[in-house]
Structure formats: C-alpha cells, structure tokens
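Single-structure report; data block below.
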Amino acid sequence: MLKFNLFLTTTAGVSLLSTTVFSQRTIQKQPNILVILADDLGYGDVSCYGAKHISTPNIDRLAKEGLRFTNGFATSATCTPSRYALLTGIYPWRKKAAVLPGDAPLIIEPQSLTLPRMLQNAGYTTGVVGKWHLGLGNGNTDWNQKVVPGANETGFNYSFIQAATNDRVPCVYLENGLVVDLDPKDPISVSYKENFTGEPTGKQNPELLKMHPSHGHDFSIVNGISRIGYMKGGKSAHWIDENMADTFLTKSIGFIKANRTKPFFLYYALHQPHVPRVPNSRFVGKSGMGPRGDAILEADWCIGKMLDAMEEMGLNENTLIIFSSDNGPVIDDGYKDQAVELLGNHIPAGPLRGGKYSMFEGGTRVPFIVRWKGAIKPGVSDALVCQMDFLASFSDLLGQKIDKNVDSKDVLQALLGKTKTGRSDLVIEGMGNLAYKQGDWVLIPKYKGESYMPLTGTETGRSGEDQLYHLSDDLGERVNLAGKEANRVVKMKAALETISGIKPN
Ligand code: NG6
Ligand code: CA
C-alpha cells in the first residue's frame, strides 16, 4: 500500500464507509505518473540546467516546482538501449539491445514485468504516445494488418506511436497496433534491404527534397525528407513532420482526459530534437539556432501545454511528473539543418564531455526533473539516479512485487527528495561498450575502435588507455587519474565484471 501518511489520513477519515469505498479511495490517491522523455536533448540544452542561449520556460517551471537532479542518468547513449532499460528495469546490454531499424521485431519479452505492466497490476491504466523504437511484431511484419506483439503487449493499455524514429521508415503512426489512416487500396511495403522498383530515393532524386541528408538518410522520401530504409505505399497514412508535435500532444492529452478519474501512467515520448528536425511553422526561426533550437522550443511548448491541460483537469496535485531525455545531444546527426553553423555559443552538453553515442558523461547524464506538487519539496538533488530505477522505485511506492533479479534499484526516497543518497554505482553504455560509475568516480576501460564517431564527430570515449575520472573535481573528464589510482582501476574493473559478467580489457 501507499507509504505516505498524507494518503493514509484521507482513508482513515472515511473509516465508517464500506471497505469497497475505502479501497477505491485509496486507489484514487495513488499518484498518476507522467514520464515525459525527450529524444537527444542534452544536459546543457535547457535553461534550468544552465543554457544561456536558449530559453525553456516550461521545463524550467517543472524544475522550479519540482526536484532537479544534477546526477540523473539514462543507462545508454543511444535510444533503443536507453528506452529498453527505462521500460524493463534491466540493463540493455544484457540483451544486446542496440539502435534498431524500423522493421525490427519487438525486443521486450511480451510476458515480462515491465514498468507499465507493474503499474497495471497496481490498478493503473497505462499509455504510450510518441517515439517507440523498441521493435514491433515478430519479424516480417505486414504493416497492413494489426502489428503484434507491440507496445500494448508489453503492458500498455493504449499506444499511439512511431514504429522507430522520425528518420526511419515506416513513416506512419500506429494506434494500438494498427497503422492510422491507412487506405487498404494502397498497402504499405517496407524493406531495409532494397528499394521498391520505381520509387524515388534521396540519393537518386535530391531535387524532391526539402531537407537534405548530410550523411546516411538518403533512402525513401516521405514528406520531402529522405529517411533510413525503403517504404512504398500507405500515402494517406504518411505522417507530416510539421504536425507531429501537435499530434502527439493531442493524443497524450486525450489519453489523460479519458483516464483522469482513475490512476493513469502515460509515457509521453517526445520526438524532439532528434533528426530530422522539422518543427511546426509556429516555431521556425524562433531560436536563432535553426531547426535544432526551434525543435527544442517546440518541445518546451508541448510541455507547457501539457502542464496547462493537467492544471485545467485538476490533476496537478496528484500527478508525479518526470521529465528527462533518452540520451545526450548531437549536433549533425545526418541532415543539413544548419545545426552546426547556427549553434553559436550554445553548448548542448553543458559542462559535460561527449554527447550522444559517448561513454563520457555527455552521453548519458541528462536533464532529470521530478515534480509531485505537495509531496516533493522543490529543490536540487545530486543523488545518483537512473531512469532504469523507475520500476523498482514505483513498485516500492505502490507496494508491488517485482523480480529481484532486475537491475532497477529502489531509489524512491531520493526521487522524492527525502534523501540525497541514490544509487552507489551505475554501468553506462555507449555504442555497446561499458563504463562504470561508482560514487564520484567513473572508469572507462580501454577499448578498441574509433575515439570519434566518424560521421557526427562525437567523442565515443574509446581509448587505448584505461580512463579514470574524479567527477566532483573534474566534471568535464579532462584529467585521467588511471595511472595514479591503479588500485582503484583494478577494483572498479572487478566490480564492473561482477555486475556485467563481461571482463573489461
Ligand atoms: C544512427 C543514425 C542517426 C540516428 C541514430 C539513432 C545514420 C547515419 N545515423 O545510425 O541519424 O538515427 O542512429 O538515434 O543513419 S537514436 O536516438 O534513436 O538512438
Ligand atoms: Ca535518442
């Protein structure tokens, strides 16, 4: 049952009523949970984390009214693994989760006790709106039929999603497994191997493009933008990038409206500022930083609209809202959108080294804000917390049992601001390589491979030398202490091996 006296007093006050009413009231006092997850938004991309050249008033409002974590993490520096951990409570590299193509099968075990399923067990109605990128179906998906298993089979009562990302086909929305607005006379075909005869591509027909690729992304063209992968048909179902934010926002608010009288969980997975960055015309030119900055302003606006809608519905007090990002920032991630040219003095990763794809902190340390009005005292916390911990933490809050073998740790008291002690350690992952954080220290064992991503220019963190950084003196990871602290390196490697089962080099 709930762990808060504030709720128990409410129920005690109705002790004369029947048990049914008692338990119903108890359930109604379970907080709604709203997780808002941005895509590729960096630690330094929002003003409440220090951005000076862009203003995000709505995210700042969440931070002002909630607890802002300075040491909040995704497990991984790319999307699929990071989201896998958030939803399953399991380190993604245990399942070799990596960035998926748009036709990949579902990588979450449909029967497993995911975060949404645990919440369903606790009486919640659960929904996901936005980016999915965890695979759908069993392979060889026919997009003209109901696609199962999908989000609904992992514990969501409702889903309105992109199959993968906004840069991958199929460029359509799926609602509860069915492609939205599909005309059966114009069926969809998808391939990640070869083009369909006669279909234009970004590579062969650049004259058809309104946004050009800088690397990759030169396959099928949808809405004047070439993507990754080939797709044919389904024209009436194609999304319009410019309307995507409004579509996801409307669906999210719709889900909340429909379920507001009982506890709900919504995973609102924003698509911004992932490439292709195509904000609505209302935001074009507003940041002075080109589409990347404009997309961040659009995401911030969506959050403001969501908060307004919650307030109007009287849901502010009893909703726990988390805002975070799935991985760190990247500037040129494959389209010529002037992100590099117009960046100016803005630093997307803030004080951190690296970004998306990186084992350095910029890859996984992300904005991380928890607001629960009346229950969480506003402030700042430096407790080490990870999105993977939502499963164990909320199961504690709601008195639900979960598998003891998950990697998710119960950091509920830290999330609620009752303690500054979070996790003692965390394994982080960049492009399949593991680094290990323990207290103030981070170890990046030596790895073969590029130290920079050849296409995006981001530092991967790979080096022929072990790297050890002491973050409280050196947040930017500039002074390698591996030589001076050889014993610590040995001990941390041993601990990493114990957790991961993988022997570091
Ligand atoms: C990369 C894509 C990049 C982005 C990323 C996944 C190319 C050249 N680059 O392979 O644009 O889609 O995958 O991003 O195709 S994530 O945020 O979903 O992990
Ligand atoms: Ca991402």
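Just so it is clear, the values below take in all heavy atoms, side chains as well, and ignore hydrogens, waters and symmetry mates. Ligands are counted one by one from 1 in listed order, and the atoms in each one are counted from 1 as well.
Rounded to the nearest 0.5 angstrom, Phe255 CZ and Asn157 CG are separated by 6.5 Å. Distance check, rounded to the nearest 0.5 Å: NZ of Lys131 to NE2 of His274 gives 4.0 Å. Once rounded to the nearest 0.5 Å, the distance linking CZ of Phe394 with CG of Leu115 reads 7.0 Å.
Checked against the 6.0 Å centroid threshold, Phe73 and Phe368 do not count as a close aromatic pair.
Taking the six-membered ring for Trp and thresholds of 30 and 60 degrees, Phe156 and Phe265 have nearly parallel ring planes, at less than 30 degrees apart. The aromatic rings of Phe248 and Tyr173 sit perpendicular, their planes meeting at an angle over 60°, well past the 30° parallel limit.
Close contacts between ligand 1 and Asp39 involve ligand atoms 17 (O) [criterion: under 4.0 Å to a heavy atom]. Numbered from 1 in the order shown, with element, the atoms of ligand 1 that lie under 4.0 Å from a heavy atom of Ile228 read 15 (O). Within ligand 1, the atoms closer than 4.0 Å to a non-hydrogen atom of Asp40 are 17 (O), numbered from 1 in the order shown. Less than 4.0 angstrom separates some heavy atom of Asn327 from each of these atoms of ligand 1: 17 (O). Those atoms of ligand 1 with a heavy atom of Lys356 less than 4.0 angstrom away are 4 (C), 5 (C), 6 (C), 14 (O), 16 (S), 17 (O), 19 (O). Below 4.0 Å from some heavy atom of His133 lie the following atoms of ligand 1, by number and element: 18 (O). Atoms of ligand 1 found under 4.0 Å from any heavy atom of Lys131 (numbered from 1 in listed order, with element): 16 (S), 17 (O), 18 (O). Atoms of ligand 1 lying under 4.0 Å from at least one heavy atom of Val99, given by number and element, are 6 (C), 13 (O), 19 (O).
Protein heavy atom at the shortest distance from atom 7 (C) of ligand 1 is His217 CE1, 3.7 Å. Protein heavy atom nearest atom 5 (C) of ligand 1, with residue, atom name and distance: Tyr357 OH, 3.4 Å. Protein heavy atom in closest approach to atom 13 (O) of ligand 1: Arg168 NH2, 3.1 Å.
Below 3.5 Å of separation, one finds no N or O of Thr78 facing any N or O of ligand 1. Between His215 and ligand 1, not a single N/O pair is under 3.5 Å apart. The shortest N or O to N or O distance between Asp167 and ligand 1 is under 3.5 Å.
In Thr165, the part holding a heavy atom less than 4.0 Å from any atom of ligand 1 is the side chain.
Of all N/O/S atoms in Asp40, OD1 sits nearest the Ca ion (ligand 2). For Asp39, the N, O or S atom with the smallest separation from the Ca ion (ligand 2) is OD1. Considering just the N/O/S atoms of Asp326, the one nearest the Ca ion (ligand 2) carries the name OD2.
Not a single heavy atom of Tyr335 sits less than 4.0 Å from an atom of ligand 1. The shell of residues lying under 4.0 angstrom from ligand 1, judged by heavy atoms, includes Cys79.
At a threshold of 3.0 Å, the Ca ion (ligand 2) has no backbone or side-chain N, O or S atom of Ser325 nearer than that distance.
Of the possible donor and acceptor atoms, none in the side chain of Ser393 sits under 3.5 Å from a partner among the backbone N and O of Phe390. When atom types are taken as modelled, the side chain of Asp60 and the backbone of Cys48 share a donor-acceptor pair closer than 3.5 angstrom. Judged purely by atom type and a 3.5 angstrom limit, Lys210 uses its side chain to pair as donor or acceptor with the backbone of Asn223.
Nearest heavy atoms, Pro273 versus Asp40: CG-O, 3.8 Å.
Exactly one residue among Glu429, Gln387, Arg83 makes a side-chain hydrogen bond (donor to acceptor under 3.5 Å, both in side chains) with Ser76. That residue is Glu429.
Taking the charged nitrogens against the carboxylate oxygens, Asp407 and Arg423 have no contact shorter than 4.0 Å, which rules out a salt bridge.
By the salt bridge (charged side-chain N to carboxylate O under 4.0 Å, His left out) test, Asp294 pairs with no residue at all, sequence neighbours left out.
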